[in-house]
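Below is one structure, written out as structure tokens, with a few remarks after it.
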Amino acid sequence: MRSTMRRWTVSNSVSACWLVCVVYLLAVSVTCGSACPGQRAHNSSSASASTSTSGRHVRSYVHLQGDVRQRKLFSFQKFFLRIGRDGTVNGTKRKDDPYSILEITSVDVGIVAIRGLGSKRYLALNKRGELYGARKYGINCRLKERIEENGYNTYASAEWRSKKRQMFVGLNAHGRPLRGKKNRRKNTATHFLPIML
């Protein structure tokens, strides 16, 4: 009788202890699931990683300062952008035009300078939105380079705006330069495809 009582008491003690352990583990897992610092850090880092890899800002071109590329800029209107020796900027259909070979240099993150190798002039956009070839690099030559959704690039003045709107480099259907004040990002006249030489 005593041994039976002892076994029953031990069995009840073990069951009670087991029940307490299970309740404790459940309480800890629920608390940690909602407020555990390590879990929050993991969730927030995952969220920030997904944010950094999604959205429009990822489409922006990111450059290393000093990166230099030789390219031709082929417009959506089927012209090669050229910078003449006299400083004129226009488009040409000639694939072998020496004034259409350009050197694109990153001068800051997302900011480039475009220089004609034949003319030794920089592509510039002044305060009035006029395109020209500048002899020396200056603030008019700082251009924001960005990849658009159709895969073409746009180039906007990094310094000047017109009524709080960006001014873009653009060529019309005849290969003539457009005033930056009238151009918009969605206007395909401002879209250029960089072509490797």
Is any side-chain heavy atom of [X] closer than 4.5 Å to a side-chain heavy atom of [Y]?
X      : Y      : result
Thr105 : Arg115 : no
Val112 : Arg69  : yes
Asn187 : Phe168 : no
Ile114 : Glu103 : no

Atom of [X], atom of [Y] and distance for their closest heavy-atom approach:
X      : Y      : result
Gly118 : Arg85  : O-NH2, 4.4 Å
Lys136 : Tyr122 : C-CD1, 3.8 Å
Leu102 : Gly116 : CD2-CA, 3.9 Å
Tyr155 : Ile104 : OH-CD1, 4.2 Å
Met167 : Leu125 : O-CD2, 3.4 Å
Gly133 : Ile83  : CA-CG2, 3.9 Å

To the nearest 0.5 Å, what is the distance between [atom1] on [X] and [atom2] on [Y]?
X      : Y      : atom1 : atom2 : result
Leu73  : Leu123 : CG    : CG    : 8.0 Å
Asn172 : Leu178 : CG    : CG    : 5.0 Å
Tyr137 : Arg142 : OH    : CZ    : 4.5 Å
Leu117 : Ser100 : CG    : OG    : 10.0 Å
Ile195 : Ile101 : CD1   : CD1   : 12.0 Å
Asn153 : His191 : CG    : NE2   : 9.5 Å

- Message: According to a hydrophobic-cluster definition based on side-chain heavy atoms being under 4.5 Å apart (Ile, Leu, Val, Met, Phe, Trp, Tyr only), do Leu193 and Ile147 belong together?
- Response: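 In one cluster: no.
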- Query: Are Val169 and Trp160 in one and the same hydrophobic cluster, where Ile, Leu, Val, Met, Phe, Trp and Tyr link if side-chain heavy atoms are under 4.5 Å apart?
  - Reply: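 As far as the 4.5 Å side-chain criterion goes, Trp160 and Val169 are connected within one cluster.
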Is the [atom1] atom of [X] crowded by more than 12 outside heavy atoms at less than 6.0 Å?
X      : atom1 : result
Lys72  : NZ    : yes
Lys93  : NZ    : yes
Tyr132 : OH    : yes
Arg165 : CZ    : no

- If we ignore angles and hydrogens, is there a donor and acceptor under 3.5 Å between the side chains of Asp86 and Thr88?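 The answer is yes; a qualifying pair exists.
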- Message: Can you tell me how the ring of Phe74 sits relative to the ring of Phe80, calling it parallel under 30°, perpendicular over 60° and tilted otherwise?
- Response: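 If you compare the ring of Phe74 with that of Phe80, the planes turn out tilted.
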- Query: After noting the C-alpha distance and the side-chain angles of Thr188 and Tyr152, does the key distance pass the side chain to side chain contact (heavy atoms under 4.5 Å, CB included) rule?
  - Reply: CA-CA 9 Å; Thr188 54; Tyr152 284 76; over 6 Å; no
- Message: Tell me whether Glu145 is salt-bridged to Arg71, with the criterion being a basic N under 4.0 Å from an acidic carboxylate O.
- Response: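 Salt bridge flag = no for Arg71 with Glu145.
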- Below 4.0 angstrom, N of the basic side chain to O of the carboxylate: do Glu130 and Arg179 qualify?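 Yes.
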